[in-house]
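Take a look at the structure set out below.
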There are 2 protein chains.
Amino acid sequence: MNIKDVAERSGLPAKTIRYYEEIGLIRPLRGANGYRAFRESDLHKLSFLGRARGLGFTIEECRRLLALYEDRGRASADVKALAEAHLQDMEVKIAELRAMQATLRDLVDHCAGDQRPDCPILTGLAGGKGKAAGCH
Amino acid sequence: MNIKDVAERSGLPAKTIRYYEEIGLIRPLRGANGYRAFRESDLHKLSFLGRARGLGFTIEECRRLLALYEDRGRASADVKALAEAHLQDMEVKIAELRAMQATLRDLVDHCAGDQRPDCPILTGLAGGKGKAAGCH
DNA sequence: CTAATCCTTCCCGTCACGGGAAGGTCAAGC
DNA sequence: GCTTGACCTTCCCGTGACGGGAAGGATTAG
């Protein structure tokens, strides 16, 4: 299989696949012409990576997941720990976003949104009376 | 005021302040020694930027917000539109995170998390039976 | 033979800075 | 006057996870 075939079948852009090889996530063979020659196992790994990335795992987390996936002697506890840590990361990010949202929504709700220049959003950002800061 | 003073007073790192000057968000004066000489108005802008960044606005959004802030003839509708667009962006991001969370949580809940190698998380990522993809 | 479509590597750009080197300046203490 | 230490300056590289595009070789269809 050439790169375009695995790209289509895995749903990943060719650029991404080359990048994954560059950082050592996959090691496709090479044909006599210098072209990458992907095996089914490479395609399989790429699909795995695509799904893991789609769930928000970082590349380094994906690397560990892939290592666990290939390690027949793994303990499912290790996989679960990795996944739960990631769930926790997402929880934190959501909380941050929600906090920012709440603050901004409050400012927005007090803004007339008309042709006049008076704007509680701007005075809030300028450190006016409202509680505007987004300290984490 | 030298950079360290504005850094302390604005809560922004000196590196960030230099960066903001480099991209034209602020234009502090320069002393004879080449040092940046910050006015109160510069400090004020930096605090504004710090709060806007704290609410998750991108640098370019901050640039527009600052321009609106300095434009006495602005319409509050323009500010509100910018803020509401950002609220919408956050809404989308939260929804994405929640979707990923839900999928991963489902996989995690079916994982024993013990010393055995069988792991629904890995089989899910490998494209097994479960619904694992995180297509957006 | 040509044209189109692949493939390769290489390098720069993204976003919002952080780290650190090399070197100039300033204020305090001796 | 001299040193010490805390400042300041610019410059360049690194981050994460790729995307865009150039320059050039390979393959395939007609």
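These figures come from a predicted structure and were not determined experimentally. Reckoned from all heavy atoms, side chains included, excluding hydrogens, waters and symmetry mates.
Residue contacts for A/I3: at a heavy-atom cut-off of 4.0 Å it reaches the sugar-phosphate backbone alone, with no base atom in range. Within the 4.0 angstrom heavy-atom criterion, base atoms lie near B/R18.
Counting heavy atoms of neighbouring residues, nucleotides and ligands inside a 6.0 Å radius, atom CD of A/E70 exceeds 12 of them. Enclosure of atom CZ in B/R39 by more than 12 non-hydrogen atoms of other residues, nucleotides or ligands within 6.0 angstrom is indicated.
When the C1' atom of D/dC7 is taken as reference, atom CZ of B/F38 falls 13 Å away, rounded to whole Å. Separating the CD atom of A/E21 from the C1' atom of C/dC10 is a distance of 15 Å, rounded to the nearest angstrom. One atom, NZ of B/K4, and another, P of D/dT9, lie 13 Å apart when rounded to the nearest Å. Nucleotide C/dC15 holds its P atom 12 Å from the NZ atom of B/K93, rounded to whole Å. Taking atom CD1 of residue A/I17 and atom P of nucleotide C/dT8, one finds them 10 Å apart after rounding to whole Å. With rounding to whole Å, B/F57 atom CZ is found 17 Å from C/dC15 atom C1'. In this structure, CD of A/E22 is placed 11 Å from C1' of D/dA17, rounded to the nearest angstrom. Put simply, CD on B/E60 is 11 Å from C1' on C/dA16, counting in whole angstrom units.
Two end axes, each from the C1' atoms of five base pairs, can be drawn for the helix from C/dC1-D/dG30 to C/dC30-D/dG1; they diverge by 30°, to 10 degrees.
Across all their heavy atoms, A/L65 and B/L122 have their closest contact at O-CD2, 3.9 Å. Counting all heavy atoms, side chain and backbone alike, B/R53 lies closest to B/C62 at CD-SG, 3.7 Å.
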query: After noting the C-alpha distance and the side-chain angles of A/K93 and A/E96, does the key distance pass the salt bridge (charged side-chain N to carboxylate O under 4.0 Å, His left out) rule?
result: CA-CA 5 Å; A/K93 273 187 194 162; A/E96 286 171 3; over 6 Å; no
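Within the structure, a side-chain polar atom (N or O) of A/R30 is placed less than 4.0 Å from OP1 or OP2 of C/dT9. OP1 and OP2 of D/dC8 both lie 4.0 Å or more from every side-chain N or O belonging to B/R36.
Salt bridge annotation for A/R18-A/E21: absent, with no cationic side-chain nitrogen under 4.0 angstrom from a carboxylate oxygen.
Of the listed nucleotides (C/dA16, D/dA17, C/dT8), D/dA17 has the atom at the smallest distance from the side chain of A/T58.
You'll find the side chain of B/L97 reaches within 4.5 Å of the side chain of A/L97, heavy atoms only. Two residues are said to be in side-chain contact when any heavy atoms from C-beta on lie closer than 4.5 Å; B/L82 and B/V79 fail this criterion.
Checked against ring pair (Phe, Tyr, Trp, His ring centres under 6.0 Å), A/F38 has no partners two or more places apart in sequence or in another chain.
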message: Base contacts versus sugar-phosphate-only contacts with protein, heavy atoms under 4.0 Å: please encode nucleotides 17-25 of chain C as B, S and - from 5' to 3'.
response: BSBB---BB
